[in-house]
Trainee: 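First, the structure itself, so that you have it in front of you.
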Amino acid sequence: MTREEQLVFCKKCKHQYLDFDRGILCKITRKEADFENECSYYVHDPSRTEVHKIKQAIRPNGKRAKWAEYLIWILLGIGFISLYSSYLQYDLLLKVQEGFPVSDHQLDMNDIREGIMGTLMLIAYIISVVTFIRWFRRAYFNLHSRTEKPLYDEGWAAGSWFVPILNLYRPYKIMEELDDRTTYLIQQRTGEEIKHSRAIIGTWWALWIIGGIVGKYVAKSGLKAETLEELMSSTQADMFGILFDVPLSLFAILVIRAISKKEQQLSDLEEKDSEKSEEGVPET
């Protein structure tokens, strides 16, 4: 065994320690490596292996993925209820337009119902966004732990959503990088071809950008509505906005599932590698 091989061997042993003057020494013999083939004192330390270090750095993200998905489903459910509420408002406005008798009580109850639904939608949307970003940032943090030199700092997985101009493309680039690099790491370990999720990610992001434009139009039409005709147009726009959220939400769920599935597959492969490294002494 060469001097370099002995050094690598000792670095993986539980009995090694660092002496700043002499380098790596054995805690038992207090000497440098001097064996020819293998050391009788060797005890493998899994914490010294790269696989184990990666395993320790990775933070669980499965629950965050599930919660992000659950909140989107909840948001969708509230959205359908809100859609029905908007339909009832449009039907009421249509009766007013056509001259049917409508009481002040009906109008007041409609306003209360719409106010409650608007508040519920806003709360569900904020919570859904928070849970999605928490999952997204954790996924990018784990990628940082697994690979060298990702495109952006880990904090941008959260911050890029709130910076004007950057929020039009950087979250998409990070999501694409997550998919590409995780796929590559799986292929490295399995030797099998893994499908990329670029089409799903691209469709999701296109819907997100268009949805932002639709949302601004809906909000603007609601604020400007004063006449009966404007209120009816605003209600129709609100109904269209809710319907548009359906494909956007479904593709967001598909993205979460695609990325989290690969994350879990990679974690399982790393777990197997870690178990193998703990089973015995490395070859000399």
Trainee: Does a sphere of radius 6.0 Å around CD1 in Ile165 hold more than 12 heavy atoms from other residues, nucleotides or ligands, not counting ones at 6.0 Å or beyond?
Mentor: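 No, because the 6.0 Å sphere around CD1 of Ile165 holds 12 heavy atoms or fewer from other groups.
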
Trainee: Please report the interatomic distance CG(Leu143) to CG(Asp180), rounded to the nearest 0.5 Å.
Mentor: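 Between Leu143 CG and Asp180 CG, I get 10.0 Å after rounding to 0.5 Å.
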
Trainee: Tell me the closest heavy-atom pair linking Leu266 and Arg189, and the distance in Å.
Mentor: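 Here Leu266 and Arg189 meet closest at CD1-NH1, 3.9 Å.
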
Trainee: Rounded at 0.5 Å granularity, tell me how far CZ in Arg138 sits from CD in Glu263.
Mentor: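 Output value for this atom pair is 9.5 Å.
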
Trainee: To the closest 0.5 Å, what do you measure between CD (Gln265) and CD (Glu270)?
Mentor: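 Interatomic distance, Gln265 CD to Glu270 CD, rounded to 0.5 Å: 11.0 Å.
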
Trainee: So does Leu151 get a backbone contact from the side chain of Glu177, meaning a donor-acceptor N/O pair under 3.5 Å?
Mentor: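 Answer holds: yes.
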
Trainee: When you look at CG of Asp104, are more than 12 heavy atoms from neighbouring residues, nucleotides or ligands closer to it than 6.0 Å?
Mentor: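 Incorrect, the count does not exceed 12.
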
Trainee: Identify each donor-acceptor pair in which a side-chain atom of residues 203-218 lies under 3.5 Å from a protein atom, sequence neighbours left out, and give them as a table.
Mentor:
from, atom 1, to, atom 2, distance (Å)
Thr203, OG1, Ala199, O, 2.8
Trp205, NE1, Leu168, O, 3.0

Trainee: Between Ser233 and Glu229 (side chain of the first, backbone of the second, donor and acceptor by atom type, cut-off under 3.5 Å), is there such a pair?
Mentor: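 Answer holds: yes.
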
Trainee: Assess the pair Tyr70 and Trp73: is the distance between their ring centroids shorter than 6.0 Å?
Mentor: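 For Tyr70 and Trp73, the ring centres are not under 6.0 Å apart.
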
Trainee: If Ile, Leu, Val, Met, Phe, Trp and Tyr residues are connected whenever their side-chain heavy atoms lie under 4.5 Å apart, and connections chain through other members, are Ile126 and Phe162 in the same group?
Mentor: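 No: no chain of side-chain contacts under 4.5 Å links Ile126 to Phe162.
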
Trainee: Taking atom CZ of Arg113 and atom CG of Asp108, what is their separation to the nearest 0.5 Å?
Mentor: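 Nearest 0.5 Å value for the CZ-CG distance: 12.0 Å.
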
Trainee: Over all heavy atoms of both residues, which pair between Val246 and Phe80 is shortest? Give the atoms and the distance, please.
Mentor: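 Answer, listing the atom of Val246 first, then Phe80: CG2-CZ, 3.8 Å.
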
Trainee: Evaluate side chain to side chain contact (heavy atoms under 4.5 Å, CB included) for Thr147 paired with Tyr184, printing each intermediate quantity in order.
Mentor: CA-CA 11 Å; Thr147 61; Tyr184 174 73; over 6 Å; no

Trainee: Should Met175 and Leu250 be regarded as members of a common hydrophobic cluster, given that ILVMFWY residues are connected when their side-chain heavy atoms come within less than 4.5 Å of each other, either directly or indirectly?
Mentor: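 They do share one cluster, since a chain of ILVMFWY contacts under 4.5 Å joins Met175 to Leu250.
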
Trainee: In chain order, what residues pass the side chain to side chain donor-acceptor pair (under 3.5 Å) check against Gln97, with sequence neighbours excluded?
Mentor: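 Result, side chain to side chain donor-acceptor pair (under 3.5 Å) vs Gln97: none returned.
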
Trainee: Would you say that Arg134 contacts Trp67 through its side chain, given a criterion of any heavy-atom pair below 4.5 Å between the two side chains?
Mentor: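 They are not in contact (no side-chain heavy atoms under 4.5 Å apart), so the answer is no.
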
Trainee: Between Arg146 and Arg181, is any pair of side-chain heavy atoms under 4.5 Å apart?
Mentor: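 Result no, sub-4.5 Å side-chain heavy-atom pair not found.
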
Trainee: Can you name the nearest heavy-atom pair linking Tyr172 to Gly202, along with the distance?
Mentor: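 Residues Tyr172 and Gly202, closest heavy atoms: CE1-CA, 4.0 Å.
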
Trainee: Examine Leu122 and Leu83 and state if one hydrophobic cluster contains both, with Ile, Leu, Val, Met, Phe, Trp and Tyr joined whenever side-chain heavy atoms are less than 4.5 Å apart.
Mentor: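 The answer is no; the residues belong to distinct hydrophobic clusters.
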
Trainee: Walk me through it: do Tyr152 and Ser160 pass the test side chain to side chain contact (heavy atoms under 4.5 Å, CB included)?
Mentor: CA-CA 10 Å; Tyr152 308 104; Ser160 60; over 6 Å; no

Trainee: For Asn142 and Arg59: C-alpha separation, side-chain torsions, deciding distance, then whether side chain to side chain contact (heavy atoms under 4.5 Å, CB included) applies.
Mentor: CA-CA 7 Å; Asn142 287 340; Arg59 296 178 182 176; 3.9 Å; yes

Trainee: What are the two closest heavy atoms between Glu69 and Ile256, and how far apart are they?
Mentor: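 Between these two residues, the closest heavy atoms are N-CD1, 4.1 Å.
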
Trainee: Can you give me the closest heavy-atom contact between Ile242 and Ser86, atom names plus distance?
Mentor: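 Heavy atoms of Ile242 and Ser86 come nearest at CD1-OG, 4.4 Å.
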
Trainee: Do Leu71 and Leu75 come within less than 4.5 Å of each other through their side chains, counting heavy atoms only?
Mentor: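 Not touching, per the 4.5 Å side-chain cut-off.
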
Trainee: Are the side chains of Leu178 and Phe136 in contact, using a 4.5 Å heavy-atom criterion?
Mentor: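 Side-chain contact under 4.5 Å: yes.
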
Trainee: Verify side chain to side chain contact (heavy atoms under 4.5 Å, CB included) between Tyr140 and Trp156, making sure each step is shown before the conclusion.
Mentor: CA-CA 9 Å; Tyr140 202 48; Trp156 279 115; 5.6 Å; no

Trainee: I'd like to check Leu185 versus Gln188 (side-chain heavy atoms, cut-off strictly below 4.5 Å). Are they in contact?
Mentor: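 Side-chain contact under 4.5 Å: yes.
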
Trainee: Rounded to the nearest 0.5 Å, what's the gap from CD on Glu271 to CD on Gln264? Could you check?
Mentor: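 It is 10.0 Å, given to the nearest 0.5 Å.
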
Trainee: Do we see a donor-acceptor contact under 3.5 Å between the side chains of Gln106 and Asn110?
Mentor: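 Gln106 vs Asn110: no donor-acceptor pair found between side chains.
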
Trainee: Can you check whether Ser197 reaches Lys262 side chain to side chain, under 4.5 Å on heavy atoms?
Mentor: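 In contact.
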
Trainee: Side-chain heavy atoms under 4.5 angstrom apart, residues restricted to Ile, Leu, Val, Met, Phe, Trp, Tyr: same cluster for Ile259 and Phe141?
Mentor: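 Shared cluster, no.
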
Trainee: Would you say the side chain of Glu226 lies within less than 4.5 Å of the side chain of Ser234, judging by non-hydrogen atoms?
Mentor: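 With C-beta onward as the side chain, the pair stays apart.
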
Trainee: What distance separates Tyr90 OH from Gln236 CD, expressed to the nearest 0.5 Å?
Mentor: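 Here the rounded value is 4.0 Å.
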
Trainee: Are the charged groups of Asp179 and Arg198 less than 4.0 angstrom apart, N to O?
Mentor: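 No salt bridge links Asp179 with Arg198.
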
Trainee: For Glu192 and Gln187, which heavy atoms make the closest approach, and how far apart are they?
Mentor: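 Closest pair (atom of Glu192, atom of Gln187, distance): O-CG, 3.1 Å.
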
Trainee: Would Phe132 end up clustered with Val163 when hydrophobic side chains under 4.5 Å apart are linked, directly or stepwise?
Mentor: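 Linked within one cluster.
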
